[in-house]
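Structure record follows, encoded as structure tokens.
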Amino acid sequence: MLDVKWVRDNREEFATMLSNRNYSFPLDRFIELDTMRRETLLEVETLKEKRNAGAKEIGLKKKSGENPEELMEEMRQVGDKVKEFDEKIGTIETELDDLAMRIPNRPHESVPIGADENDNIEIRKNGNPLEFDFEPKPHWDLGETLGIMDFERGVKLAESRFTVLKGAGARLERALMNFMLDLHTMEHGFTEIAPPILVNTATMSGTGQLPKFAEDLYKCVDDDLWLIPTAEVPLTNLHSGEMLNEVDLPKYYCAFTPCFRREAGSYGRDMRGMLRQHQFDKVEMVMLSTPDKSYDELEKMTSYAERILQLLGIPYRVICLCTGDMGFGAAKTYDIEVWLPSQNCYREISSCSNCEDFQARRMGTKYRPAAGGKPRFIHTLNGSGIAIGRCLIALMENYQNKDGSITVPEALRPYAGGMEIVK
RNA sequence: GGAGAGGUGGCUGAGUGGUCGAAGGCGCUCGCCUGGAAAGUGAGUGAACGGGUAACCGUUCCAAGGGUUCAAAUCCCUUCCUCUCCGCCA
């Protein structure tokens with residue numbers, strides 16, 4: 001959510017921002033509603049002032065034994081008018097608030113302006129794509145042959161885009177989870193959280209998944225509960241509606257959770273293998289920061305995600321998303337992409353974003369500055385640290401051997417019961 | 001799921017339908033005191049929205065949403081949450 005006052009006073013800049021994002025929004029209607037709201041507010045507040053004064057006077061008259069009946073009749077009419085205007089404002093605000101919740105965040109000035117993923121900028125690269133002296137296989141071939149991935153039974157149990165991991169596959173998934181959590185909690189200073197993976201509508205709205213992206217989520221029929229698409233949702237909302245002290249910031253939270261996405265609108269894409277699933281595991285990092293430090297924290301967070309890939313020895317690159325490719329709530333986003341030999345390209349494995357005060361406004365999370373002064377909204381950041389399913393894929397494809405076996409990276413072996421090779 | 005008790009500011013905790021945005025305390029801020037600190041002491045200290053260059057003014061907010069009334073933190077209804085007891089359960 002943006003500050004409505006800012007939108008009102010910076011209409012040009014706001015319109016430019018929307019077009020940079022390729023985002024269609026009924027700006028004229030929004031301004032119209034805002035104007036109507038303020039005009040009506042002025043009228044009703046005048047009436048309420050009159051009513052308050054009248055009510056007070058009636059009280060005094062009763063005390064002094066006078067007959068307030070005439071004034072009471074007048075106030076009765078004022079009251080009816082107030083009710084009428086209040087209803088009008090209610091209607092206006094319902095529409096206005098709904099629109100406000102659908103305004104995307106304003107990109108940071110350092111974000112490249114561009115239309116789509118082709119305009120993203122590569123920031124750095126780590127490791128080079130491996131040279132194989134054989135034709136590298138896709139992970140689905142490797143996984144099925146080794147008996148560690150079962151795509152058919154995943155579909156049987158649920159539907160397409162669900163996969164069963166077996167034996168060493170399941171073990172590696174668990175090893176990756178513990179490897180990542182240990183690194184973040186013991187070396188990067190994160191507090192580990194085990195959050196609910198079903199959350200209510202208010203929580204989903206706080207981080208921006210609702211109201212606009214309901215079709216991407218799984219919803220419970222009989223309860224006001226939704227399956228989380230990422231642990232960013234519960235972690236960021238941990239302090240919703242709270243007043244924090246500056247000395248308690250920054251806060252670093254991480255969590256392992258399954259994530260659930262309907263993937264509506266990506267019907268044909270990545271149908272083979274387990275690159276794009278309705279359910280996948282992820283370790284997520286969330287930081288709550290003061291505004292002056294949040295961009296430093298974004299660099300740190302990105303480096304923490306990279307660290308995982310460095311230790312595992314998987315080639316990757318970091319790109320900065322352009323205005324047209326960024327997510328709804330982000331002010332700046334770095335994506336980390338890993339090299340997938342079978343696809344001969346880089347694919348996203350982590351996304352680290354600074355949302356500035358966009359989510360904090362929705363959630364109502366403020367902090368009291370140590371130097372005194374008014375409470376301010378915090379800045380929130382989130383990043384995958386990292387997607388476990390995709391990490392498993394990258395590991396399998398990059399560490400495959402000519403005979404179809406997979407070498408387990410050394411850093412992971414202690415977490416996999418000393419397993420050195422999957423064959 | 002059944003019965004009862006509650007939800008008030010950053011925290012704690014009062015509040016007969018009328019001058020209550022809300023006593024008191026804690027915390028915090030600025031002074032005094034002190035060589036410095038603690039203790040003591042004086043004053044101040046909620047937020048959102050609207051209007052105004054500003055000082056400031058107005059409206060709203062006592063879990064959430066409705067209702068009664070000239071007037072609601074206070075009365076009524078609904079929902080949510082917390083606590084105690086019972087039942088059920090991994």
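Everything quoted here is computed from the prediction, not taken from an experiment.
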- request: Please identify each residue that fulfils side-chain contact (heavy atoms from CB on, under 4.5 Å) with A:Asp296, with sequence neighbours left out.
  value: none

Consecutive-pair stems (3 or more, Watson-Crick or G-U, under 3.5 Å) for RNA chain B: B:1-7 with B:80-86, B:10-12 with B:24-26, B:27-32 with B:40-45, B:46-51 with B:56-61, B:63-67 with B:75-79

- prompt: Which nucleotide sits closest to the side chain of A:Lys5: B:A47, B:U19, B:G50?
  reply: B:G50

- prompt: Where along nucleotides 57-64 of chain B does protein come under 4.0 Å, by heavy atom, of base (B) or sugar-phosphate alone (S), with - for untouched nucleotides?
  reply: -BBS----

- line: Sorted by number, residues from residues 71-81 of chain A placing a heavy atom under 4.0 Å from RNA chain B are A:Met72, A:Met75, A:Arg76

- prompt: Of the nucleotides B:G18, B:G50, B:G10, which has the atom closest to the A:Met243 side chain?
  reply: B:G10

Less than 3.5 Å apart, which donor and acceptor atoms pair up between the side chains of residues 208-220 of chain A and the rest of the protein, not counting sequence neighbours?
residue	atom	partner	partner atom	Å
A:Gln209	OE1	A:Thr207	OG1	2.8
A:Tyr218	OH	A:His278	ND1	3.2
A:Lys219	NZ	A:Asp223	O	3.3

Earlier contact from the 5' end, RNA chain B, for A:Arg368 and A:Arg8: A:Arg368

query: Taking only N and O in the side chain of A:Lys56, is any of them less than 4.0 Å away from OP1 or OP2 of B:G17?
result: no

- prompt: Can you pull the salt bridge (charged side-chain N to carboxylate O under 4.0 Å, His left out) pairs that have at least one residue in residues 237-266 of chain A, sequence neighbours excluded?
  reply: A:Glu263-A:Arg276

- line: A:Leu60 has its side chain closest, among B:U19, B:G18, B:A47, to B:U19

- request: Compare the minimum distances between each of B:G51, B:G10, B:G18 and the side chain of A:Ala55, then state the nucleotide with the smallest one.
  value: B:G18

message: Of the options B:G18, B:A47, B:G51, whose atoms approach the side-chain atoms of A:Arg38 most closely?
response: B:G51

- prompt: side-chain contact (heavy atoms from CB on, under 4.5 Å) with A:Leu42: which residues, sequence neighbours excluded?
  reply: none

- prompt: Residues two or more places apart in sequence or in another chain: which of them pass side chain to side chain donor-acceptor pair (under 3.5 Å) with A:Glu73?
  reply: A:Arg76, A:Gln77

Under 3.5 Å, which donor-acceptor pairs link side chains of residues 301-309 of chain A to any protein atom two or more places apart or in another chain?
residue	atom	partner	partner atom	Å
A:Thr302	OG1	A:Leu298	O	2.8
A:Ser303	OG	A:Lys300	O	2.6
A:Glu306	OE1	A:Arg124	NE	3.1
A:Glu306	OE1	A:Tyr316	OH	2.7
A:Glu306	OE2	A:Arg124	NE	3.3
A:Glu306	OE2	A:Arg124	NH2	2.6
A:Arg307	NH1	A:Glu187	OE1	3.1
A:Arg307	NH1	A:His188	NE2	3.4
A:Arg307	NH2	A:Glu187	OE1	3.3

Residues which pass side chain to side chain donor-acceptor pair (under 3.5 Å) with A:Asn118, listed by chain and number, not counting sequence neighbours: A:Asp116

Side chain proximity check, A:Val286 to A:Cys254, heavy atoms < 4.5 angstrom: no

Side-chain donor/acceptor pairs under 3.5 Å, residues 168-183 of chain A, sequence neighbours excluded:
residue	atom	partner	partner atom	Å
A:Arg171	NH2	A:Tyr415	O	3.3
A:Asp182	OD2	A:Tyr415	OH	2.9

Under 3.5 Å side-chain donor-acceptor pair for A:His379 and A:Tyr367: no

field: salt bridge (charged side-chain N to carboxylate O under 4.0 Å, His left out) pairs, two or more places apart, involving residues 354-383 of chain A
entry: A:Asp357-A:Arg361

message: Measuring only the P atom in each nucleotide, how far is B:A14 from B:A63? A whole number of Å is fine.
response: 15 Å

